[in-house]
Amino acid sequence: MHDFTSSLPLISLLFGLSGGIMLAAAITTGALARISALKSMRQLYLSLSIICFCGMGYQISTLLYHQASTLEQGISLIRWQLSFALVMPIGYAAFCAIFTHQQSVRPWLTLVTAICGTLLLVNLFSPYTLRFDRIEGIRHFHYGWGEKIALLKGSPGNLNLLWSLGINGIYAYCLWRFLRHWWQEHSLLSALWACYLLLQAASSQVGSMIDLGTLNGIYLLGFGTTALVLFICINLAYEAVNKATAARERENALKEEMEQRQAAENRIHRMAFEDPLTELPTRAMLREYLKQRLSSYEGECPPLLYLQINLDHFKRINDELGQDVGDKLLKLLSRRLRNTVGQSMMVARIAGDEFVLIDEHIKSQSVEYGRQIAAKVLAIIQQPLQINDHSLQVGATMALFMVPLHGRTAHQVMSGASVALSRGKKSGRGRFHLYDPSSVEENRDRQQLEQDLRQALREQQFELYFQPLLDGSRQCIGAEALIRWHHPDKGMVSPERFIPLAEETGLINSIGDWVSAQALQKLAQWKDSIPAFNGYLTINVSPWQFARPDFVSGLCDAIKASSIPPSRLCLEVTEGVLLTDLKETVAKLHLLRRFGLLIALDDFGTGYSSLAYLRDLPIDILKIDRSFINELHSESPRHLVDAIISIGRHIDIKTVAEGVETEFQWSHLHGMGCDAFQGYLFARPMPAQEFKDWLSESMASPLPSHQ
């Protein structure tokens, strides 16, 4: 029996070390394939494990082959050697396809498996393996240091050519894929694989020369795989060191970021809960305090006095003396309040010039007790403050809210006090005002009405009504378009209720645009359905709407787009438009007049009108207010109406009487020379279809003139 240990000590060491490295790599990559979370990484590690395992088997079978003592033993071992070498390309092909992101992985692996499987079967069942057609025996090669290796001596044939074409074709394709991946993405691992495949090609050529007998030596193919494994291990170790360094840097950066975030949160907390100027609690802190204080009692809530303070005319101090003086005033006043009442009351600053005091130790829930406390606080505030060279004395308006008399929740307390303070400033500054539940209900109704008004705009709940305008012979010369709101739950909502709110909230602009668009649409419809009607429509324009810079251009563009003659539309403005910029108002009215629109001045004689306005304003129509018409039976109003009509006649402005309800009123107005009339005597405001029917009927049978 051949003594393996004594005959090949150095070569056995080399092959054993190589096989051991690949066995360890196979076990490690197999374990990584088992635990990896990503599917692609599991597949990569599995293919690498197959390569390492086959490389280990190749090295062990090659070592035993070089120590074979009989021909049968040599053929068996070289058959095993080739079997491991034929399974190895499947691992190469899988790793290459996954690593280089190949599109068609499954067909490619199927082809490689078919080629390697076919060659494997040929190798297993060929009498002299895939490598030889004929084997003559075993030859031995002696190294200079005394070791010898056994090699089969035979003649390679066509089957060996099949081996070279199949396996080298797979390696060549993988080499091309790795080189392209390295060129595109500069991957070091791709470069290592490309170098390894070139090394494999050289090792394979050395093996072919050994089989032909032109070269004696050991097979080097397995050592190429060992070199690849070592290169990959070095690369993985390098990446691990880099990742560990990056992880430490990320950890340090994260720790620094957390510290910065904590510092920022502390700053935000101070900004949210502590006023930077006065160092008093803020509105947010006050709200949290009230929530905790009031929610902790499930049964009887302990009494509490909430005082909300607004400094009177503080803005004037900022404007006249400067913001620095204003800030110093706030700081001194805050310090005074804190030093005077801070021992028994909580002091907070909730807005620029608004403070809150909370007394938790009130002895009584009586309103009179609350008034006494408020009077003392007001006296403290009104004491003079010396700031630089200025001795300042400020007043304040206060709201009183008592818990649980007026409310039990933080929201009720804060919102109720704010409403009471707002109402108090309107009714009289420099005093304290007790919370009134009706004011909150009123404010809630107003907010609800505002929400309903916005919804009415979105859902088209408005409708235009039309009230006819008649001349002296009671012929219809036009109509006034009046907006009506059909609320789905509340029914008809009066314009006197929602128009002021629309002006206050700015919704009047959208409502006004809707009215003008609807009026133009109706005129266009009546042009075809009632061609005999050539009167004009009057639409009311709010001062807020008229003050818009784009009002004139927008209205003119809408009229041009409708193809309606501008003279068919009359704009009715109130005297409120004269209170803004008179020069700009006159310029706008002249532009509208030149465009062709009629201009009417509503409620003449009740406000700020004068003969100078009538001289300067481009007015076509004066509308006499209904309050004068209702009092025509009295001598003084009758003379005033007569004067208005006379003025209009002398300066060539037509007069229209509003609110004509009786024949007595009509006959007097007609006798005075009034040009047109409008009122319940002739017709009430009507929806579009009713007005259209009324118009057709009145044209067919005109109203009697009663002259």
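For this chain, numbers begin at 1 and follow the sequence in order.
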Item to check | Residue pair Asp312 / Ala396: nearest heavy atoms and the distance that separates them | outcome: OD2-N, 3.3 Å

Checklist entry - Quick check: does any side chain N or O of Glu320 sit under 3.5 Å from a backbone N or O of Ile317, one acting as donor and the other as acceptor? => result no

Next on the checklist: Taking Ile380's backbone N and O only, do any of them form a donor-acceptor pair with Arg336's side chain (distance below 3.5 Å, no angle check)?
Outcome noted: yes

Next on the checklist: Working to the nearest 0.5 angstrom, can you tell me the gap between Leu669 CG and Ile624 CD1?
Outcome noted: 6.5 Å

Checklist entry - Checking salt bridge (Lys or Arg N to Asp or Glu O under 4.0 Å) for the pair Glu658/Arg626: CA distance, chi angles, key distance, verdict? => result CA-CA 5 Å; Glu658 292 183 299; Arg626 67 180 64 245; 5.1 Å; no

Next on the checklist: Do the side chains of Asp620 and Arg593 get close enough for a salt bridge, i.e. N-O under 4.0 angstrom?
Outcome noted: yes

Checklist entry - Just wondering, are more than 12 heavy atoms of other shown residues or ligands nearer than 6.0 Å to NE2 in His411? => result no

Next on the checklist: A side-chain contact here means heavy atoms from C-beta on lying under 4.5 Å apart; do Leu311 and Thr397 qualify?
Outcome noted: no

Next on the checklist: Treating Ser553 as the side-chain partner and Asp550 as the backbone partner, does any N or O pair qualify as donor plus acceptor under 3.5 Å?
Outcome noted: yes

Item to check | Residue pair Cys570 / Ile621, side-chain heavy-atom distance below 4.5 Å | outcome: yes

Next on the checklist: We want to know whether Gln393 and Gln382 form a side-chain donor-acceptor pair, criterion being a heavy-atom distance below 3.5 angstrom.
Outcome noted: no

Checklist entry - Just checking, Arg684 and Tyr680: is the charged tip under 6.0 Å from the six-membered ring centre and within 45° of the axis? => result yes

Checklist outcome for this item: Rounding to 0.5 Å, atoms CG (Leu617) and CD1 (Ile653) come to a distance of 8.5 Å

Item to check | Side-chain donor-acceptor contact under 3.5 Å, Thr278 with Asp275 | outcome: yes

Next on the checklist: Quick one about Glu463 and His486 (side-chain donor to acceptor, distance below 3.5 Å, no hydrogens or angles considered), yes or no?
Outcome noted: yes

Checklist outcome for this item: Residues Arg484 and Pro495: closest non-hydrogen pair is NH1-CG, 3.6 Å

Next on the checklist: Working note: Met402 + Tyr435, criterion side-chain contact (heavy atoms from CB on, under 4.5 Å); need CA distance, chi angles, decisive distance, verdict.
Outcome noted: CA-CA 8 Å; Met402 305 190 74; Tyr435 165 80; over 6 Å; no

Item to check | Greater than 12 external heavy atoms within 6.0 Å of Lys490's NZ | outcome: yes

Checklist entry - Please walk me through it: do Leu307 and Val356 pass side-chain contact (heavy atoms from CB on, under 4.5 Å)? => result CA-CA 6 Å; Leu307 300 176; Val356 165; over 6 Å; no

Checklist entry - So does Met492 have more than 12 non-hydrogen atoms from other groups sitting under 6.0 Å from CE? => result yes

Checklist entry - Considering only heavy atoms from C-beta outward, does the side chain of Phe551 approach that of Asp513 to under 4.5 Å? => result no

Item to check | Phe682 side chain reached by Val660 side chain, heavy atoms, under 4.5 Å | outcome: yes

Checklist entry - Salt-bridged, Glu572 to Lys623, with N to O below 4.0 Å? => result yes

Next on the checklist: Tell me whether the count of non-hydrogen atoms from other residues, nucleotides or ligands lying under 6.0 Å of CH2 in Trp544 goes above 12.
Outcome noted: no

Next on the checklist: Does any part of the side chain of Leu571, heavy atoms only, come nearer than 4.5 Å to the side chain of Leu589, both counted from C-beta?
Outcome noted: no

Checklist entry - Which atom pair, heavy atoms only, marks the closest approach of Gln323 to Asn318? => result CA-OD1, 3.5 Å

Item to check | Pair Asn540-Glu480, side chain to side chain donor-acceptor pair (under 3.5 Å): steps then yes or no | outcome: CA-CA 8 Å; Asn540 294 276; Glu480 182 178 1; 3.1 Å; yes

Checklist entry - With distance as the sole test, does Arg338 use its side chain to make a donor-acceptor pair with the main-chain N or O of Val341 at under 3.5 Å? => result no

Next on the checklist: A cation-pi test, strictly: NZ or CZ of Lys588 under 6.0 Å from the centre of the six-membered ring of Phe546 and no more than 45 degrees from its axis. Yes or no?
Outcome noted: yes

Checklist entry - So which heavy atom on Tyr306 is nearest to which on Ala417, and how close? => result CE2-CB, 3.5 Å

Checklist entry - Is the backbone N or O of Thr655 less than 3.5 Å from a side-chain atom of Asp675, with the two atoms forming a donor-acceptor pair by type? => result yes

Item to check | Test item: Ile309 and Leu378 side chains (from C-beta on) under 4.5 Å apart, heavy atoms | outcome: no

Checklist entry - Do other residues, nucleotides or ligands put more than 12 heavy atoms under 6.0 Å from Glu496 CD? => result no

Checklist entry - Taking Phe355 as the fixed residue, which of Ile381, Leu330, Ile350 is the one that meets the side chain to side chain contact (heavy atoms under 4.5 Å, CB included) rule? => result Leu330

Checklist entry - Just checking, is any N or O donor in the side chain of Asn630 or Glu661 under 3.5 Å from an acceptor N or O on the other one? => result no

Checklist entry - Any side-chain donor paired with an acceptor under 3.5 Å for Ser542 and Glu503? => result yes

Next on the checklist: Evaluate Thr538 against Val656 for side-chain contact (heavy atoms from CB on, under 4.5 Å), listing each step before the verdict.
Outcome noted: CA-CA 12 Å; Thr538 299; Val656 175; over 6 Å; no

Checklist entry - Do you know which two heavy atoms are closest between Val325 and Leu392, and how far apart they sit? => result CG1-CD1, 3.9 Å

Checklist outcome for this item: Closest heavy-atom pair, Gln412 versus Arg408, reported as atoms and distance to 0.1 Å, is OE1-N, 2.8 Å

Checklist entry - Mind checking whether Phe498 and Phe462 have parallel, tilted or perpendicular rings, split at 30° and 60°? => result tilted

Item to check | Ionic contact status for Glu288 with Arg293, cut-off 4.0 Å | outcome: no

Item to check | Side chain to side chain, Arg371 and Glu368, heavy atoms closer than 4.5 Å | outcome: yes

Item to check | Main-chain N/O of Asp642 paired with Ser646 side-chain donor or acceptor, under 3.5 Å | outcome: no

Next on the checklist: To the nearest 0.5 Å, what is the distance between CG on Asp452 and CD on Gln447?
Outcome noted: 12.0 Å

Next on the checklist: Apply side-chain contact (heavy atoms from CB on, under 4.5 Å) to residues Thr662 and Leu681 and explain how you reach the verdict.
Outcome noted: CA-CA 6 Å; Thr662 66; Leu681 176 63; 5.9 Å; no

Checklist entry - When you look at Glu450 and Arg454, which way does the salt bridge (Lys or Arg N to Asp or Glu O under 4.0 Å) test go after all the steps? => result CA-CA 6 Å; Glu450 180 182 345; Arg454 295 182 186 277; 3.0 Å; yes

Next on the checklist: Can you tell me how far apart CE (Met398) and CG (Leu434) are? Round to the nearest 0.5 Å.
Outcome noted: 11.5 Å

Checklist entry - Taking the side chain from Gln545 and the backbone from Ala547, do they hold a donor-acceptor pair closer than 3.5 Å? => result no

Checklist entry - Nearest 0.5 Å, what's the CG-CG distance between Leu304 and Leu294? => result 6.5 Å

Checklist entry - What is the distance from atom CH2 of Trp514 to atom CD1 of Ile483, rounded to the nearest 0.5 Å? => result 5.0 Å

Checklist entry - Can you find a pair of side-chain heavy atoms, one from Asn388 and one from Leu321, that are under 4.5 Å apart? => result no

